[in-house]
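What follows is a single structure, written as structure tokens, with notes after it.
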Amino acid sequence: MTTSERAKMAAGEWYTCIDDELEALRLAARDAVFEHNGLAPRQRGNIAPALRTLLGGAGEGARIEAPFHCAYGFNLFLGDGTFLNAGCTILDTAPVRIGKGTLLGPNVQIYCAEHHREASGRLAGLEIAKPVTIGDYAWIGGSAVILAGVSIGEGAIVGAGAVVTRDVPASKTVVGNPARVVTPR
């Protein structure tokens, strides 16, 4: 039995992103994102209708400012009152769960895909998808980058421009590249 590339992606196995089914799903996401980014703010509301339908889940009062970009949308889950500021990019090849009351600054980037380490694998489009989880009431500073497989605990703060390569404990503050825990003043 042949397993689809989408099924491999969902299972956290190596898959090829050069696939007709995955391309069709990305095209649907691009259409929804285009609508979201193109509507006037009063027409769009917190999340444009096509994007809201596409998302895995969006709690009450969740808001995504434009412009916004996601790879698939169906792997993105937003808690109540979550706020994504302008310019956020979420490459949701695996589930991305953002807790309630969490704030993402402008231009935050979340990447779930890791490409193959060998050039031949990258040329074949091989990727592996790892989920990202951000707990309730976290604050992610502008232009922070969160890499595949990372969990950020409840109430944590990620400083602007940080590159988060490993888990962040609850209520801790991380800054830098790679991000490291700092003691508040």
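Residue numbers run from 1 in the order of the sequence given. All values below were derived from every heavy atom in this structure, side-chain atoms included, with hydrogens, water molecules and symmetry-related copies excluded.
- Within the 4.5 Å cutoff, the side chain of His69 has heavy atoms near those of the Leu91 side chain.
- In this structure, Arg30 places its CZ atom where more than 12 heavy-atom neighbours from other residues, nucleotides or ligands lie under 6.0 Å away.
- Residues Val174 and Arg180 form no side-chain contact, since every pair of their non-hydrogen atoms from C-beta on lies 4.5 Å or further apart.
- Taking CG of Leu123 as the reference point, atom CD1 of Ile18 lies at 8.5 Å (rounded to 0.5 Å).
- Annotation: side chain of Ile47 is in contact with side chain of Leu55 (closest heavy-atom distance under 4.5 Å).
- Nearest heavy atoms, Asp92 versus Cys112: CA-SG, 4.3 Å.
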- Message: The test is side-chain contact (heavy atoms from CB on, under 4.5 Å); show your working for Thr165 and Val163 and say whether it passes.
- Response: CA-CA 6 Å; Thr165 61; Val163 178; 4.1 Å; yes
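- A donor-acceptor pair under 3.5 Å is formed between the side chain of Thr53 and the backbone N or O of Pro49.
- Panel note: side chain Glu60, backbone Asp80; no donor-acceptor pair is recorded below 3.5 Å.
- Within the 4.5 Å cutoff, no side-chain heavy atoms of Ile64 are placed close to those of Phe83.
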- Task: Start with the C-alpha distance between Glu127 and Tyr15, add both sets of side-chain angles, then the distance that settles side-chain hydrogen bond (donor to acceptor under 3.5 Å, both in side chains), and finish with yes or no.
- Result: CA-CA 6 Å; Glu127 297 179 344; Tyr15 66 95; 2.5 Å; yes
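- Here the shortest heavy-atom pairing between Glu35 and Ala48 reads OE1-CB, 3.4 Å.
- Atoms OG and CE, on Ser4 and Met9 in that order, are 9.0 Å from each other to the nearest 0.5 Å.
- Using a 4.5 Å heavy-atom cutoff, the side chains of Leu22 and Arg6 are in contact.
- Results of the side-chain contact (heavy atoms from CB on, under 4.5 Å) test with Ile152 over Ile140, Asp167, Thr102 single out Ile140 as the only residue that passes.
- To the nearest 0.5 Å, atom CG of residue Leu126 and atom OG of residue Ser120 are 8.0 Å apart.
- At distances below 3.5 Å, at least one donor-acceptor pair connects side-chain atoms of Thr16 with backbone N or O atoms of Ala124.
- Residues Leu76 and Val145 fall into different hydrophobic clusters, defined by Ile, Leu, Val, Met, Phe, Trp and Tyr side chains chained together at heavy-atom separations under 4.5 Å.
- Going from atom CG of Asn75 over to atom CD1 of Ile90 covers 11.0 Å, rounded to the nearest 0.5 Å.
- For the atom pair CG (Leu54) and NE2 (His36), the distance works out to 12.0 Å, reported to the nearest 0.5 Å.
- Hydrophobic clustering of Ile, Leu, Val, Met, Phe, Trp and Tyr side chains at less than 4.5 Å, counting indirect connections, keeps Leu51 apart from Phe74.
- Taking the charged nitrogens against the carboxylate oxygens, Glu21 and Arg26 have no contact shorter than 4.0 Å, which rules out a salt bridge.
- Between Trp14 and His116, the two ring planes are tilted [angle within 30° to 60°].
- Counting heavy atoms of neighbouring residues, nucleotides and ligands inside a 6.0 Å radius, atom NZ of Lys100 does not exceed 12 of them.
- Val96 and Val168 fall within a single hydrophobic cluster, where Ile, Leu, Val, Met, Phe, Trp and Tyr are joined by side-chain heavy atoms under 4.5 Å apart, directly or via other members.
- Residues Val164 and Leu104 are members of one and the same hydrophobic cluster, defined by side-chain heavy-atom contacts under 4.5 angstrom among Ile, Leu, Val, Met, Phe, Trp and Tyr.
- Counting all heavy atoms, side chain and backbone alike, Ala144 lies closest to Val158 at CB-CG1, 3.9 Å.
- Between Asn46 and Arg52 the shortest side-chain heavy-atom distance falls below 4.5 Å.
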- Task: In sequence, state the C-alpha distance, the side-chain angles, and the governing distance for Arg44 and Glu65, and then conclude on side-chain contact (heavy atoms from CB on, under 4.5 Å).
- Result: CA-CA 10 Å; Arg44 177 178 62 238; Glu65 289 290 343; 4.0 Å; yes
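- Arg97 places no side-chain N or O within 3.5 Å of a backbone atom of Phe77 that could act as its donor or acceptor partner.
- Between the side chain of Asp136 and the main chain of Glu154, no donor-acceptor pair closer than 3.5 Å is present.
- Residues Glu13 and Ile128 have side chains not in contact (no heavy-atom distance under 4.5 Å, counting atoms from C-beta outward).
- For Asn177 (side chain) and Ala162 (main-chain N/O), no donor-acceptor pair under 3.5 Å exists by modelled atom type.
- The two residues Ala138 and Gly153 make their nearest non-hydrogen contact at CB-O, 4.2 Å.
- Taken together through direct or relayed side-chain contacts under 4.5 Å among Ile, Leu, Val, Met, Phe, Trp and Tyr, Ile134 and Leu147 form parts of separate hydrophobic clusters.
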- Item | Pair Leu25-Leu27, side-chain contact (heavy atoms from CB on, under 4.5 Å): steps then yes or no | CA-CA 5 Å; Leu25 293 168; Leu27 181 58; over 6 Å; no
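- Looking at every heavy atom in both residues, Ala29 comes nearest to Cys70 through CB-O, 4.2 Å.
- Nearest heavy atoms, Gly159 versus Val175: CA-CG1, 4.1 Å.
- Contact check for Val150 versus Thr133: no side-chain heavy atoms found under the 4.5 Å cut-off.
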